[in-house]
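Worksheet: one structure, shown below.
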Amino acid sequence: MVGLYSYRPDTDRWTWSDEVYRIHGFEPGAVVPTTKLIMSHIRPEDRDAAWDSRDAAMVRHQPFSLLHRITTAAGQERVVMTAGHVEHDDDGALVVRGHLIDLTDVRADAVAQEVDSTVQDFTEHRAIIEQAKGVLTQLYSVDPETAFALLRAFSADANVRVRDIATNLVAAASVNDTPTKGR
């Protein structure tokens with residue numbers, strides 16, 4: 001969701017689009033936006049950066065952006081990007097105009113996709129790793145934990161992923177081409 005805002009520092013007056021109200025967890029027009037209200041919604045650990053961003057924009061009159069977190073009126077955490085620029089209003093006063101972009105769902109989707117991919121990768125390669133552990137257990141008469149430690153050691157020594165070492169070992173075992181005990 002993307003909302004528009006404007007801010008006049010000389011009067012401390014904010015104007016929000018309906019989307020900015022909703023991002024903050026309010027119905028449009030339900031509250032009067034003020035700097036105090038806005039800062040109360042910004043997570044405490046992000047407030048200094050928000051103040052610095054605001055002050056820098058006002059002093060340098062340059063475009064700005066800030067990635068930060070807010071807590072909505074309902075207590076939900078949202079990840080948002082504030083971007084804007086400083087210009088002169090019709091009466092010559094400074095005004096900040098910009099966008100508030102809610103990135104929460106985009107970030108959640110990206111994290112979920114990454115987790116799904118990692119889980120799928122693990123699931124696809126788990127069987128081959130378990131087979132390789134079985135081969136090492138038989139070859140070296142060790143328990144499965146030690147067999148996995150051997151796989152990790154071989155991986156580190158060769159700078160090759162564990163699953164690739166496991167694939168090669170299982171392939172070698174399938175054609176009876178593995179090292180023998182004591183070798």
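Every value quoted in this text rests on a predicted model; they were computed, and no experiment measured them.
Taking 4.0 Å as the cut-off between side-chain N and carboxylate O, Asp91 and Arg8 count as a salt-bridged pair. Arg69 and Glu45 are joined by a salt bridge, as a carboxylate oxygen and a charged side-chain nitrogen come within less than 4.0 angstrom of each other.
Separation of the Trp16 and Tyr21 ring centroids falls under the 6.0 Å cut-off.
With a 4.5 Å cut-off on side-chain heavy atoms, Lys133 and Ile128 do not count as touching. Contact annotation: the side chain of Gln131 never approaches that of Leu169 to less than 4.5 Å [non-hydrogen atoms, C-beta and beyond]. In this structure the side chain of Thr137 never reaches within 4.5 angstrom of the side chain of Asp143, judged on heavy atoms. You'll find the side chain of Val80 reaches within 4.5 Å of the side chain of Ile23, heavy atoms only. Between Phe26 and Thr72 there is no side-chain heavy-atom pair separated by less than 4.5 Å. With a 4.5 Å cut-off on side-chain heavy atoms, Phe154 and Val162 do not count as touching. In this structure, the side chains of Glu19 and Leu4 stay at 4.5 Å or more apart for every pair of heavy atoms. Considering only heavy atoms from C-beta on, Asp102 stays 4.5 Å or farther from Met81 through its side chain.
In plain terms, the two heavy atoms of Ser65 and Ser53 that are nearest each other are O-OG, 4.4 Å. The two residues Leu150 and Val142 make their nearest non-hydrogen contact at CD1-CG2, 4.4 Å. Residues Val170 and Ala132 share a closest heavy-atom pair of CG2-N, 3.5 Å. Of all the heavy atoms in Ile42 and Ala50, the pair that sits closest is CD1-CB, 3.7 Å.
In this structure, the side chain of Ser155 engages the main chain of Val160 through a donor-acceptor pair within 3.5 Å. Here the side chain of Ser6 pairs no donor or acceptor atom with the backbone of Arg97 at under 3.5 angstrom. With hydrogens and angles disregarded, a donor-acceptor distance shorter than 3.5 Å links the side chain of His41 to the backbone of Thr71. Checking side-chain atoms of His61 against main-chain N and O of Ala57 turns up no donor-acceptor pair under 3.5 Å.
Met58 and Leu100 end up in the same hydrophobic cluster when Ile, Leu, Val, Met, Phe, Trp and Tyr side chains are linked at under 4.5 Å.
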Let me see the working for Asp89 and Leu94 under side chain to side chain contact (heavy atoms under 4.5 Å, CB included), right down to the final yes or no. CA-CA 6 Å; Asp89 212 357; Leu94 287 179; over 6 Å; no
Candidate pair Glu87 and Val95, rule side chain to side chain contact (heavy atoms under 4.5 Å, CB included), full reasoning: CA-CA 6 Å; Glu87 60 185 45; Val95 63; 3.6 Å; yes
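With 3.5 Å as the limit, one finds no donor-acceptor pair spanning the side chains of Asp164 and Thr167. Looking only at atom types and distance, the side chain of Trp14 has a donor-acceptor partner in the side chain of Thr35 under 3.5 Å away. Counting only N and O atoms by type, the side chains of Arg54 and Tyr7 include a donor and acceptor under 3.5 Å apart.
In this structure, CZ on Arg60 lies 10.0 Å from CG on Asp55, to the nearest 0.5 angstrom.
For Asn159, there are no side chain to side chain donor-acceptor pair (under 3.5 Å) partners at least two apart in sequence or on another chain.
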